[in-house]
Protein chains: 2
Amino acid sequence: MTGAKQAKGPARRADAQRSIAAILEAAVSALSRNPEASVSEIAKAAGVGRVTLYGHFPNRVDLVEAALASAIEKGHAALDSVDLTGDPRQALARLIDSSWLLVNRSRSLLLAAQGVLPPGRIRILHAGPVERVEGLVERGRDEGVFRSDLSTPWLVGVLHSVMHNAADEINAGRLDSEKAGAFITATVLAAFTPPGSRVPG
Amino acid sequence: MTGAKQAKGPARRADAQRSIAAILEAAVSALSRNPEASVSEIAKAAGVGRVTLYGHFPNRVDLVEAALASAIEKGHAALDSVDLTGDPRQALARLIDSSWLLVNRSRSLLLAAQGVLPPGRIRILHAGPVERVEGLVERGRDEGVFRSDLSTPWLVGVLHSVMHNAADEINAGRLDSEKAGAFITATVLAAFTPPGSRVPG
DNA sequence: AGTAACTCGTACAGCACTGTTCGACAAGGG
DNA sequence: CCCTTGTCGAACAGTGCTGTACGAGTTACT
């Protein structure tokens with residue numbers, strides 16, 4: 001499911017596939033910059049007429065959902081290529097390094113989705129990615145290197161929050177984009193350290 | 001400066017003052033629920049005609065700014081009543097306990113402001129509150145109980161992020177509102193602990 | 001009591017956006 | 001090569017918002 005309606009029929013023309021891809025890409029990009037980007041704006045960015053867009057996506061809501069799904073799918077692929085075995089702390093560091101930029105870029109897009117999509121729909125969409133992270137955190141807790149006095153969802157939420165904070169700081173010019181990964185990792189590893197243990201670093 | 005235009009003239013009538021207060025309160029409340037609340041919506045919530053509102057605030061932007069200023073002023077007062085002396089860690093815990101709810105409530109309002117106000121304007125408005133928190137963090141760093149390998153603005157940002165995370169978790173029904181303070185404190189204190197030191201708790 | 005300040009509803013112009021329709025035109029597939 | 005599929009621009013109706021105007025009514029200060 002790439003997002004556009006594809007009920008049946010003898011498959012789509014090559015032409016249309018290109019359009020859909022361009023629209024999806026433009027939608028992700030535009031909505032990432034401005035969660036309230038209009039359909040006209042997106043169509044223009046995709047180099048496509050507004051009418052054409054409506055030919056593939058029945059309404060704005062479906063378009064946003066398709067864009068979100070597309071972004072998440074891409075992120076999912078990137079995530080799968082990260083080695084999550086070994087010391088959970090180092091695995092977490094690797095995960096952060098390779099995904100914080102992606103997560104950041106999707107933030108505004110997620111905001112756009114939250115404005116128009118039913119809450120359940122969103123949870124379903126990025127249930128996959130979240131599960132892998134939760135698995136890693138869970139393992140760290142079992143091995144005693146991550147704290148167990150706070151719930152796993154909370155810890156994962158903290159990870160996200162700190163990433164968002166990095167995005168804000170960069171955006172405000174107070175943080176160098178190069179150092180963001182290290183800052184996030186240092187902060188999160190400390191936050192995850194069990195009470196009574198020493199903070200690594 | 002309560003927010004409405006008050007250039008000169010022989011002072012305002014008691015009637016008008018009541019209206020302005022009601023509008024401001026309604027604006028804070030409505031914008032906190034929905035950052036894109038319309039002027040009609042706010043006027044109705046204030047029990048006032050839309051025209052009356054425009055009589056006091058020339059346009060929507062000024063209204064949002066006044067609402068934000070009002071909320072920040074109230075928060076500033078609440079913050080001033082917190083004792084920030086003594087062990088920085090305990091002072092931070094006190095600060096969190098007494099302000100996280102307030103900060104949370106203002107979050108959506110801040111979002112509304114970010115959408116329509118010039119970025120500099122916002123920084124000016126809540127420069128005051130931020131300074132006090134930064135002062136506390138700075139002191140903790142000097143005393144060696146908070147880490148110095150990360151910048152003060154970053155640490156303050158993390159504090160905010162974790163508060164926001166708590167708000168999200170509560171909103172999603174995954175966190176009990178009662179426990180939020182403790183969760184935030186535990187997480188932030190760990191995150192602020194210098195590398196090599198033991199996490200308190 | 002009288003006057004200026006305030007409030008209200010309705011109504012209007014202007015704008016931006018959504019979603020649809022139309023007719024003409026280009027491009028891909030069998 | 002022909003026919004389906006897709007694309008385009010222009011145009012339209014519908015909606016919801018902002019900001020302004022008007023006129024009549026009400027409320028507070030003196």
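We name chains A, B, ... by the order of the sequence lines, and we start the count at 1 in each one.
Separating the CZ atom of A:F57 from the C1' atom of D:dG6 is a distance of 15 Å, rounded to the nearest angstrom. Protein atom CG of A:D15 is 6 Å distant from nucleotide atom P of C:dG28, rounded to whole Å. As rounded to whole Å, 11 Å separates atom C1' of C:dC6 from atom CZ of B:R12. In this entry the distance linking CD of A:E41 with C1' of C:dC17 reads 11 Å, nearest Å. Nucleotide D:dT18 holds its C1' atom 16 Å from the NZ atom of B:K44, rounded to whole Å. Between the CG atom of B:L53 and the C1' atom of C:dG9 there is a distance of 15 Å, rounded to whole Å. Distance A:I23 CD1 to D:dG6 C1': 11 Å, rounded to the nearest Å. Regarding B:E36, its CD atom lies at a distance of 13 Å from the C1' atom of C:dC17, rounded to whole Å.
Residues B:R13 and B:V61 each lie close to DNA chain D; by heavy-atom proximity, the contact nearer the 5' end of the strand is made by B:V61. Heavy-atom nearest nucleotides on DNA chain D were determined for B:R18 and for A:Q17, and the one closer to the 5' end corresponds to A:Q17. Between B:A16 and B:V51, the residue anchored closer to the 5' end of DNA chain C is B:A16, taking for each the nucleotide with the nearest heavy atom.
Looking at B:R50, its side chain comes within 3.5 Å of the base of D:dG19 through a donor and an acceptor atom.
A donor-acceptor pair is defined here as one N or O able to donate and one able to accept, closer than 3.5 Å; such a pair exists between the side chain of B:S106 and the backbone of B:L102. Between the side chain of B:S99 and the main chain of B:L95, a donor-acceptor pair closer than 3.5 Å is present. Side chain of B:S148 to backbone of B:G144: no donor-acceptor contact under 3.5 angstrom is found.
A:V39 comes within 4.0 angstrom of sugar-phosphate atoms only, judged by non-hydrogen atoms across all strands, and of no base. Using a 4.0 Å heavy-atom criterion, one finds that A:R60 contacts the sugar-phosphate atoms exclusively.
Listed pair A:T52 / D:dG6 fails the phosphate criterion, with no side-chain N or O lying under 4.0 Å from OP1 or OP2. Residue B:S19 has no polar side-chain atom (N or O) positioned under 4.0 Å from OP1 or OP2 of C:dC6. Taking side-chain N and O atoms only, A:H56 has no distance below 4.0 Å to OP1 or OP2 of D:dG6.
Between C:dG28, C:dT20, D:dT7, one nucleotide has an atom nearer to the side chain of A:Y54 than all others, and that is C:dT20. Of the candidate nucleotides D:dC8, C:dC8, D:dT18, D:dC8 has the atom lying nearest to any side-chain atom of A:V48.
Salt-bridge annotation for B:R107 and B:D168: present, with a side-chain N of the basic residue lying under 4.0 Å from a carboxylate O of the acidic one. Salt bridge status for B:D80 with B:R132: present, with a side-chain N to carboxylate O gap under 4.0 Å.
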